[in-house]
Amino acid sequence: MIPEKLLEILKTDGVVAIATLGKDGPHMVNTWNSYIRVSEQGRLLIPAGYMHKTEQNITHNPEVLITLGSSKVQGLHGAGAGFLIKGQAEFVTSGPDFETLKSKFSWLRATLAVTIDSATQTW
């Protein structure tokens, strides 16, 4: 289950960092909070226009770390809230998770679908 505070953050502006680990070591990419959608199954759906290195890494190791936040959402100690998400990812190029994002982002080539293992509020 996705925490309500995380859903609130996803409705605001903010940067998302996605970390993967491949044969060549760690790699990071960014996207925007407002680009992420949540599937009916509770997976995070992230549009991928490029993310080729991320896709290579996930083929090698599906574990991802994601951080995101917003200064506009009340956090643990005042203004600003953020989360560290640990999960399992896959790139999807057909089916409902892909179509959900393709209808919103004509430029995407795939959907990065993340099954959340844990979502910890960090601030």
Side-chain angles (χ1 to χ4, degrees):
M1 174 143 189
I2 298 177
E4 284 299 318
K5 186 67 68 172
L6 177 54
L7 293 173
E8 188 178 346
I9 290 170
L10 290 175
K11 295 176 185 173
T12 66
D13 254 353
V15 176
V16 178
I18 304 164
T20 58
L21 182 62
K23 294 177 184 178
D24 301 330
H27 176 72
M28 292 192 77
V29 296
N30 295 106
T31 192
W32 300 106
N33 291 352
S34 60
Y35 283 12
I36 298 175
R37 302 293 187 268
V38 178
S39 75
E40 291 180 13
Q41 297 77 28
R43 297 196 315 166
L44 299 180
L45 305 179
I46 304 168
Y50 294 100
M51 294 191 189
H52 298 291
K53 182 67 172 177
T54 301
E55 186 171 19
Q56 283 178 343
N57 287 354
I58 286 172
T59 299
H60 172 73
N61 177 358
E63 295 177 3
V64 295
L65 294 176
I66 299 173
T67 61
L68 55 85
S70 173
S71 63
K72 297 176 178 116
V73 175
Q74 182 69 25
L76 296 173
H77 307 288
F83 274 83
L84 170 63
I85 298 166
K86 296 179 183 181
Q88 304 294 313
E90 66 176 318
F91 275 78
V92 179
T93 57
S94 64
D97 289 345
F98 176 77
E99 294 303 326
T100 294
L101 291 187
K102 187 66 174 175
S103 66
K104 307 268 187 257
F105 306 101
S106 62
W107 47 262
L108 88 123
R109 67 171 187 86
T111 294
L112 174 57
V114 179
T115 301
I116 298 173
D117 294 329
S118 67
T120 306
Q121 189 170 351
T122 56
W123 43 281

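For the side chain to side chain donor-acceptor pair (under 3.5 Å) condition, the pairs that include at least one residue of residues 56-68, sequence neighbours left out, are Thr20-Asn57. The side chain to side chain donor-acceptor pair (under 3.5 Å) analysis of residues 28-42, with sequence neighbours excluded, yields the pairs Ser39-Gln41. For residues 10-24, the set of pairs meeting the salt bridge (charged side-chain N to carboxylate O under 4.0 Å, His left out) definition, not counting sequence neighbours, comprises Asp24-Lys53.
Chaining together hydrophobic side chains whose heavy atoms lie under 4.5 Å apart leaves Leu21 on its own.
Clustering ILVMFWY residues whenever any of their side-chain heavy atoms sit less than 4.5 angstrom apart, transitively, puts Val29 in a cluster other than the one holding Leu65. Residues Val15 and Leu45 share a hydrophobic cluster, clusters being chains of Ile/Leu/Val/Met/Phe/Trp/Tyr side chains in contact below 4.5 Å. Leu7 and Trp123 are assigned to two separate hydrophobic clusters, defined by single-linkage of ILVMFWY side chains at heavy-atom distances under 4.5 Å. Both Val114 and Met51 belong to a single network of hydrophobic side chains, linked directly or stepwise wherever heavy atoms of I, L, V, M, F, W or Y lie under 4.5 Å apart.
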Can I get a per-line list of side-chain donor-acceptor pairs under 3.5 Å for residues 102-112, giving both atom names and the distance, sequence neighbours left out?
residue	atom	partner	partner atom	Å
Lys102	NZ	Ser106	O	2.9
Lys102	NZ	Leu108	O	3.2
Ser103	OG	Thr100	O	3.0
Arg109	NE	Tyr50	O	2.9
Arg109	NH1	Glu55	OE1	2.9
Arg109	NH2	Tyr50	O	2.8
Arg109	NH2	Glu55	OE1	2.7
Thr111	OG1	Asp97	O	3.4

Can you give me every donor-acceptor pair (side chain of residues 69-90, partner residue at least two apart or in another chain, under 3.5 Å) with its distance?
residue	atom	partner	partner atom	Å
Ser70	OG	Thr12	OG1	2.9
Ser70	OG	Lys72	N	3.0
Gln74	NE2	Gly78	O	3.4
Gln88	NE2	Asp117	OD2	3.2
Glu90	OE2	Arg43	NH1	2.8

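Closest approach of Ile2 and Val38 over heavy atoms only: CD1-CG1, 3.5 Å.
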**Request:** Please test Leu68 against Leu10 for side chain to side chain contact (heavy atoms under 4.5 Å, CB included), starting from the C-alpha separation and ending with a verdict.
**Result:** CA-CA 9 Å; Leu68 55 85; Leu10 290 175; 4.0 Å; yes
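Between the CG atom in Leu6 and the CG atom in Leu44 there is a gap of 6.5 Å [rounded to 0.5 Å].
Across Val16, Ile36, Ile116, a single residue satisfies side-chain contact (heavy atoms from CB on, under 4.5 Å) together with Ile66, and that is Val16.
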